[in-house]
2 protein chains.
Amino acid sequence: MESNDLRIFRAVALEGSITKAAQMLGYVQSNVTARIKQLEAELKTQLFYRKHGMILTPTGEKLLPYAVQILHLLDEAHKALNDSDKPTGRLAIGANHTVSSLQLPQILSEYHKAYPDVDLSLTTSSTDELIYKILHFQLDGAFVKSSSFIDDNIVEELVYEENLVLISSPETDDIRTACSKPFLMNTIGCPNRVNLEQWLNAEGINNIRYMEFNNLDFIIEGVMADLGVSFVPQSAIQRYETKGLLKSFSIPPQYSTSKTFFIRHQDTLMTSALAKFIETIESKTPYHQIAH
Amino acid sequence: MESNDLRIFRAVALEGSITKAAQMLGYVQSNVTARIKQLEAELKTQLFYRKHGMILTPTGEKLLPYAVQILHLLDEAHKALNDSDKPTGRLAIGANHTVSSLQLPQILSEYHKAYPDVDLSLTTSSTDELIYKILHFQLDGAFVKSSSFIDDNIVEELVYEENLVLISSPETDDIRTACSKPFLMNTIGCPNRVNLEQWLNAEGINNIRYMEFNNLDFIIEGVMADLGVSFVPQSAIQRYETKGLLKSFSIPPQYSTSKTFFIRHQDTLMTSALAKFIETIESKTPYHQIAH
DNA sequence: ATATGCAATCATTTTACATGATATCTTTTT
DNA sequence: AAAAAGATATCATGTAAAATGATTGCATAT
């Protein structure tokens, strides 16, 4: 019993006539006769009384609601897939710990408001793990900091460029004094920290001490309390600096520029849910260009 | 998109592999590949990522639940039809006014208790209309009084034989006196009335007056109040006669025998619901034999 | 009694499905 | 780095099921 058998069965049942059903379906009458007889043989039961027309037997009446529902579902399924203007389904996004706290909540919130039918999921993990999941199609895309991923299957898009500054308590006189204090930083592997170390190296500053914090607010509070110094997005501390709660020092752009990328598999199916997500990213950020 | 396409799609989605799905379905690998590609072409969308295995795309994930449900319903439908030991569905029974009030409620009640999953429907109307509905498969069967229906498509079965008696008030001396009173009878067309008239004719009694009642209890009350006489099943008045509330007179069996038949179309599909109904009738009545 | 409307039958064509062998690509093993 | 293993894609070919067109036969209506 296949769905087309049920389509023919339904037509005959509703029309009460093989001839009319055949016209409706665009078949020739003899074919409809054959299909119905075949269905009756397969189900080992009579579905119609033939009385100069076709009248459902009690068994046929049992089958009809199933036929109607199954055909309706087939129709629904077709619509659900082809109705691709309306973003629906699941959208699995990943993010490195470094990016999740700042722009991402805004982007997700705005996207969810615009497209509430999409089930958003956010996975926060290390960049390596994010890349693995993208290569295995477990994520539709991810926000990461570092670029150039070797793998040809990954396409990346710059979505945000931030300026990192060295921050310290207001009393600090100069950069070198600041650098003698402990650095309140994220755990190893954070790209900001890699940049920082490169600069410190270039300046010939060694003997650096770290204190590990994985929360930006804690870090800022710690710096204001003169627990140590840090290296954070300028935008995140602007309001504290204007109030005189801390002091910031700029370092050369090749070290201070932090780039956020949206990466995805080059073969990801561009669903409307994903397309609209990328649109949302772009609308929130002045920068965007395709790399690789 | 037909159900077999979905069956193949489901297997590939669940196995994550065309090769395994093919083994499971008893197909050769290349066929499964072709079916999936064809389905993707028909739906104009990609359903799987190919990464040394098959991984559902977001669109594929949308389709899967439909496929699962549709295939489940097909299975259900098949079971519902072949599970013919268990009476279910609708059973449309008809009855002439004459029979509906006595044995029928008992039969229906007993049947419903035994097979509560059958939707019983009872249509009370004239014998002619009952026969029309049976010939057009609008009723699965009907209880009627008169026999021999000319139409070859109707089969009949005797289910009940009753003895009709002439009843009158206790003071009535003999049959002829009784017959001078008005007859309280059902409307024209009632087979009992036909029998009665045949006997009266044979006895040479004319000038009969009728009063029409379509309720047996009213008739009996009327007779006890000496409003007139009547011609009713002996079983219905037995308890009144033993109390001396009325008197009954027998007439020859060729006129007094009232037969109830269960008739149906010879081509009615013998569902288990109908078979069990006929069993119930037979168990309630000592008489049963196939006629015609 | 005749004509009409409808389903059944059957020989034939057409289409879609299934197969088997082979190519191609990816991942794992050596 | 090379080879083997494991997976899907492609293609020519075979096969079975579906669809057609013409005709027959039955039941209803005029």
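All chains are named by letter (A, B, ...) in the order of the sequence lines, taking the proteins before the strands, and each is independently numbered beginning at 1. Here the structure is a predicted model, which means the values were calculated and not measured.
Side-chain atoms of B:Thr123 and B:Lys133 include no donor-acceptor pair closer than 3.5 Å. Between A:Ser272 and A:Lys86, the side chains place no donor N or O within less than 3.5 Å of an acceptor N or O (distance only, hydrogens not considered). Using modelled atom types, one finds no donor on one side chain facing an acceptor on the other under 3.5 Å when comparing B:Gln46 with B:Thr57. Between the side chains of A:Thr127 and A:Asn96, at least one donor-acceptor pair of N or O atoms lies under 3.5 Å. Side-chain contact annotation: B:Thr33 with B:Gln29, donor-acceptor N/O pair under 3.5 Å present.
What separates OH of B:Tyr27 from C1' of C:dC17 is a distance of 8 Å, to the nearest Å. Between the CG atom of B:Asn31 and the P atom of C:dT22 there is a distance of 19 Å, rounded to whole Å. If you measure from atom CD of A:Glu2 to atom P of C:dA16, you get 16 Å, rounded to the nearest angstrom. Between the C1' atom of C:dA18 and the CD1 atom of B:Ile8 lies a distance of 10 Å, rounded to the nearest Å. Put simply, CD on B:Glu15 is 14 Å from C1' on D:dA7, counting in whole angstrom units. Straight-line distance from the CZ atom of B:Arg50 to the C1' atom of D:dT10: 13 Å, rounded to whole Å. Remark: C1' of D:dT10 and CD1 of B:Ile18 are 12 Å apart, rounded to the nearest angstrom. Here D:dA27 presents its P atom at 15 Å from CE of A:Met54, a figure rounded to the nearest Å.
No donor-acceptor contact under 3.5 Å links the side chain of B:Gln38 to the base of C:dA16. With hydrogens and angles ignored, a donor-acceptor pair under 3.5 angstrom links the side chain of B:Gln29 to the base of D:dA9.
Taking side-chain N and O atoms only, B:Lys37 has no distance below 4.0 Å to OP1 or OP2 of D:dT8.
Side-chain atoms of B:His136 never come within 3.5 Å of backbone atoms of B:Gln138 as a donor-acceptor pair (strictly under, hydrogens ignored).
Within 4.0 Å (heavy atoms only), A:Thr19 reaches sugar-phosphate atoms of the nucleic acid but no base atom.
A ring-centre distance under 6.0 Å is found for A:Phe277 and A:Phe262. Between B:Phe9 and B:Phe48, the distance separating the two ring centers is shorter than 6.0 angstrom.
Closest approach to the A:Ser17 side chain among C:dA7, D:dG21, D:dT10 is made by C:dA7 (side chain taken as heavy atoms from C-beta onward).
Counting heavy atoms from C-beta outward, A:Thr88 and A:Asp119 have side chains that stay 4.5 Å or more apart.
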Reading nucleotides 23-30 of chain C from the 5' end, what letters show protein touch, with B for base, S for backbone sugar-phosphate only, - for no heavy atom under 4.0 Å? ---BS---
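Map B:Ser30 and A:Arg35 each onto its nearest nucleotide of DNA chain D; the residue landing nearer the 5' end is B:Ser30.
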Please enumerate all protein N or O atoms sitting under 3.5 Å from an N or O of nucleotides 12-15 of chain C, with distances to 0.1 Å.
none

